J.: 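The structure under discussion is supplied below as structure tokens; questions concerning it will follow.
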Amino acid sequence: MTDDHLTTHQAEEDARNDNILIYVDGKIVPKSQAVVSVYDSGFMLGDGIWEGLRLHDNHWAFADEHLDRLFEAAKAIDLDIGMDRKGVFDALLETQKANGITTDAHARLMITRGVKVRPFQHPNLSQTGPTFVIIVEHSKPKIPRPISLATVPHQRGLPMTQDPKLNSHSKLNCILACIAAQKAGADEALMLDVHGFVNTTNACNFFIVRKGAVWTSTGDYCMNGITRLKVIDLCRANDIPVFERNYSLVDTYGADEVFLTGTFGAQTPVGSIDGRQIGNGELGPMTKRIRKLYADLIAQECS
């Protein structure tokens with residue numbers, strides 16, 4: 001990553017991550033030995049699902065909600081995880097314990113349809129599986145300035161193509177969006193829905209603040225993020241007007257503040273969109289307030 005570009009998942013460098021242990025199909029192995037077959041469905045076709053969680057004070061925040069989403073995704077793609085919720089969570093705890101990590105960590109759980117007998121797409125060719133990998137890294141967000149965004153032609157599409165509510169390994173659409181944004185000189189991409197309304201970024205949910213009210217998309221064409229929902233709930237509980245609605249780039253450019261939400265970065269400020277400065281280009285008062293409310297919620301959740 002160059003000094004010119006940031007990512008919403010940018011973290012402090014931590015040499016301990018060079019020697020982490022990784023869970024691969026029931027075994028805890030060194031990072032250098034954490035490999036899967038070239039015939040694996042996830043490597044070959046992006047046929048799999050994933051989930052990300054944050055560790056705070058030895059507690060995996062909102063673990064129940066994350067497991068709900070993981071198992072819902074597995075059902076949606078007709079993938080048998082091969083273990084129940086307790087088994088999945090126990091595997092996460094085993095990986096955490098093996099690494100001796102107690103806080104400021106990020107976990108990525110990845111489950112694919114498994115190893116194929118031939119290199120073609122039919123799911124019946126995946127006869128050994130699933131493949132289940134857990135990576136737990138030391139991870140403290142480090143974003144030295146607000147993120148810049150560029151609107152791109154890549155859309156968050158209709159559910160009959162690839163449902164954007166699904167945490168799928170098939171992320172090429174979002175990767176191409178991010179590439180287009182970087183080619184335009186921005187950090188990451190702002191993506192519209194099929195009707196041209198502002199939707200989400202390539203990696204995070206998207207919020208604007210106008211005249212003391214918080215707006216986000218309807219949620220019809222984006223990942224319905226857990227942090228997104230927590231922010232909406234916090235606004236409602238603290239008398240902050242919040243709306244899930246359709247809105248345009250005109251509304252967005254004229255916003256007082258813009259911020260992103262996600263499991264990794266919580267609430268990340270946006271300083272500019274398509275070369276237009278948002279507000280004063282810095283972290284705004286509403287975003288600061290919501291950050292504090294969210295931090296308090298995490299502290300309560302993890303106490």
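Fair warning: this is a prediction, and the values are worked out from it, not measured in the lab.
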J.: Could you walk me through whether V115 and Q127 pass the side-chain contact (heavy atoms from CB on, under 4.5 Å) test, one step at a time?
T.: CA-CA 6 Å; V115 179; Q127 296 180 8; over 6 Å; no
J.: Would you name the heavy atoms of H9 and A203 that are closest together and state the gap between them?
T.: CE1-CB, 3.7 Å
J.: Hydrophobic cluster membership, with links at side-chain heavy-atom distances under 4.5 Å among I/L/V/M/F/W/Y: are I143 and I278 in one?
T.: yes
J.: Considering non-hydrogen atoms only, spot the tightest contact between C178 and A189 and give its length.
T.: N-CB, 4.0 Å
J.: Testing the basics here: between L166 and A73, what is the closest heavy-atom pair and its distance to 0.1 Å?
T.: CD1-CB, 3.6 Å
J.: What residues join V117 in its hydrophobic cluster, counting side-chain heavy atom gaps under 4.5 Å, either direct or through other members?
T.: F120, L125
J.: Could you tell me whether the side chain of S217 reaches within less than 4.5 Å of the side chain of C222, counting heavy atoms only?
T.: yes
J.: Could you tell me which non-hydrogen atom of W60 sits nearest to which non-hydrogen atom of A105, and how far apart they are?
T.: CZ3-O, 4.4 Å
J.: Any chance you could lay out the side-chain contact (heavy atoms from CB on, under 4.5 Å) test for R69 and H66, step after step, and finish with the verdict?
T.: CA-CA 5 Å; R69 192 165 66 179; H66 283 286; 3.8 Å; yes
J.: Who are the side-chain contact (heavy atoms from CB on, under 4.5 Å) partners of A98, not counting sequence neighbours?
T.: L21, I28
J.: Check whether M191 and F206 end up in the same hydrophobic cluster, where Ile, Leu, Val, Met, Phe, Trp and Tyr are linked by side-chain heavy atoms less than 4.5 Å apart.
T.: no
J.: Apply side-chain contact (heavy atoms from CB on, under 4.5 Å) to L260 and N205, showing your working.
T.: CA-CA 6 Å; L260 313 178; N205 289 122; over 6 Å; no
J.: Tell me whether K31 at atom NZ has more than 12 heavy atoms from other residues, nucleotides or ligands lying less than 6.0 Å away.
T.: yes
J.: Within a reach of under 6.0 Å around CG of D78, are more than 12 heavy atoms found that belong to other residues, nucleotides or ligands?
T.: no
J.: Run the salt bridge (Lys or Arg N to Asp or Glu O under 4.0 Å) test against R236 and tell me which residues pass, sequence neighbours left out.
T.: E244
J.: Where do L55 and Q96 come nearest, in terms of heavy atoms and distance?
T.: CD2-NE2, 3.8 Å
J.: Who else is in L293's hydrophobic cluster (ILVMFWY, side-chain heavy atoms under 4.5 Å, direct or via others)?
T.: F62, F207, V209, V214, I226, V231, I232, L234, I240, V242, F259, M286, I290, Y294, L297, I298
J.: Who pairs with D84 by side-chain hydrogen bond (donor to acceptor under 3.5 Å, both in side chains), at least two apart in sequence or on another chain?
T.: none
J.: Please lay out, stage by stage, how N173 and Q162 fare under the test side-chain contact (heavy atoms from CB on, under 4.5 Å).
T.: CA-CA 10 Å; N173 183 46; Q162 181 173 313; over 6 Å; no
J.: Evaluate whether atom CZ of F43 has more than 12 neighbouring non-hydrogen atoms of other residues, nucleotides or ligands under 6.0 angstrom away.
T.: no
J.: With side chain to side chain contact (heavy atoms under 4.5 Å, CB included) as the test, pick out the partner of P146 among E282, E257, Q277.
T.: E282
J.: Do V258 and M223 belong to the same hydrophobic cluster, where Ile, Leu, Val, Met, Phe, Trp and Tyr are linked whenever their side-chain heavy atoms lie under 4.5 Å apart, directly or via other members?
T.: no
J.: Kindly compute the distance separating CG (D163) from OG (S168), expressed to the nearest 0.5 Å.
T.: 10.5 Å
J.: How long is the gap from CH2 on W50 to CZ on R108, to the nearest 0.5 Å?
T.: 4.5 Å
J.: Quick one: pull up CG in L249 and CG in L192 and give me the separation to the nearest 0.5 Å.
T.: 5.5 Å
J.: Would you tabulate the side-chain donor-acceptor contacts of residues 128-140 under 3.5 Å, counting partners in other chains and residues two or more places apart, or write 'none'?
T.:
residue : atom : partner : partner atom : Å
T131    : OG1  : D40     : OD1          : 2.6
H138    : ND1  : R16     : NH2          : 3.3
S139    : OG   : R54     : NH1          : 3.3

J.: Measure from the side-chain N and O atoms of H169 to the backbone N and O of I49, and report whether any donor-acceptor pair falls under 3.5 Å.
T.: yes
J.: Both conditions, 6.0 Å and 45 degrees, for the charged tip of R245 above the ring of F243: are they met here?
T.: yes
J.: With a 4.5 Å cut-off on side-chain heavy atoms, are I208 and V198 touching?
T.: no
J.: Give the table of side-chain donor-acceptor pairs shorter than 3.5 Å for residues 32-39, with sequence neighbours excluded, one pair per line with atom names and distance.
T.:
residue : atom : partner : partner atom : Å
S37     : OG   : Y39     : N            : 2.9

J.: Please list, chain by chain and in numerical order, all residues satisfying side-chain hydrogen bond (donor to acceptor under 3.5 Å, both in side chains) with K230, sequence neighbours excluded.
T.: E65
J.: Count I, L, V, M, F, W, Y as connected when their side-chain heavy atoms are under 4.5 Å apart, and connections chain through other members. Are M110 and L45 then in the same cluster?
T.: no
J.: Do the side-chain N and O atoms of D187 and S148 include a donor-acceptor pair separated by under 3.5 angstrom?
T.: yes
J.: Please report, to 0.1 Å, the donor-acceptor pairs under 3.5 Å made by any side chain of residues 261-272, with sequence neighbours excluded.
T.:
none

J.: Would you check if there is a donor-acceptor pair between the side chains of T112 and S41 at a distance under 3.5 Å?
T.: no
J.: Under 4.5 Å between side-chain heavy atoms, counting indirect links through other Ile/Leu/Val/Met/Phe/Trp/Tyr residues: same cluster for V24 and I81 or not?
T.: no
J.: Identify the heavy atoms of K116 and H122 that sit nearest to each other, and give their distance.
T.: NZ-O, 3.1 Å
J.: So how far is it from R113 CZ to S126 OG, rounded to the nearest 0.5 Å?
T.: 6.5 Å
J.: So does A91 get a backbone contact from the side chain of T95, meaning a donor-acceptor N/O pair under 3.5 Å?
T.: yes
J.: Roughly how far apart are T252 OG1 and R210 CZ, rounded to 0.5 Å?
T.: 8.0 Å
J.: From N17 CG over to E13 CD, what is the distance, rounded to the nearest 0.5 angstrom?
T.: 9.0 Å
J.: Determine whether V88 and L67 make a side-chain contact, defined as any pair of heavy atoms from C-beta on separated by less than 4.5 Å.
T.: yes
J.: What pairs meet the ring pair (Phe, Tyr, Trp, His ring centres under 6.0 Å) rule with one or both residues in residues 171-190, with sequence neighbours excluded?
T.: none
J.: Only pairs under 3.5 Å count here: list side-chain donor-acceptor contacts from residues 149-156, not counting sequence neighbours, and write none if there are none.
T.:
residue : atom : partner : partner atom : Å
T151    : OG1  : D274    : OD1          : 3.4
T151    : OG1  : D274    : OD2          : 2.6
R156    : NH2  : T201    : O            : 3.1
R156    : NH2  : N202    : O            : 3.4

J.: Measuring only between side-chain heavy atoms, which start at C-beta, is P144 closer than 4.5 Å to L6?
T.: yes
J.: Return each pair, listed once, that meets ring pair (Phe, Tyr, Trp, His ring centres under 6.0 Å) where at least one residue sits in residues 179-205; pairs must be two or more places apart or across chains.
T.: H195-Y221
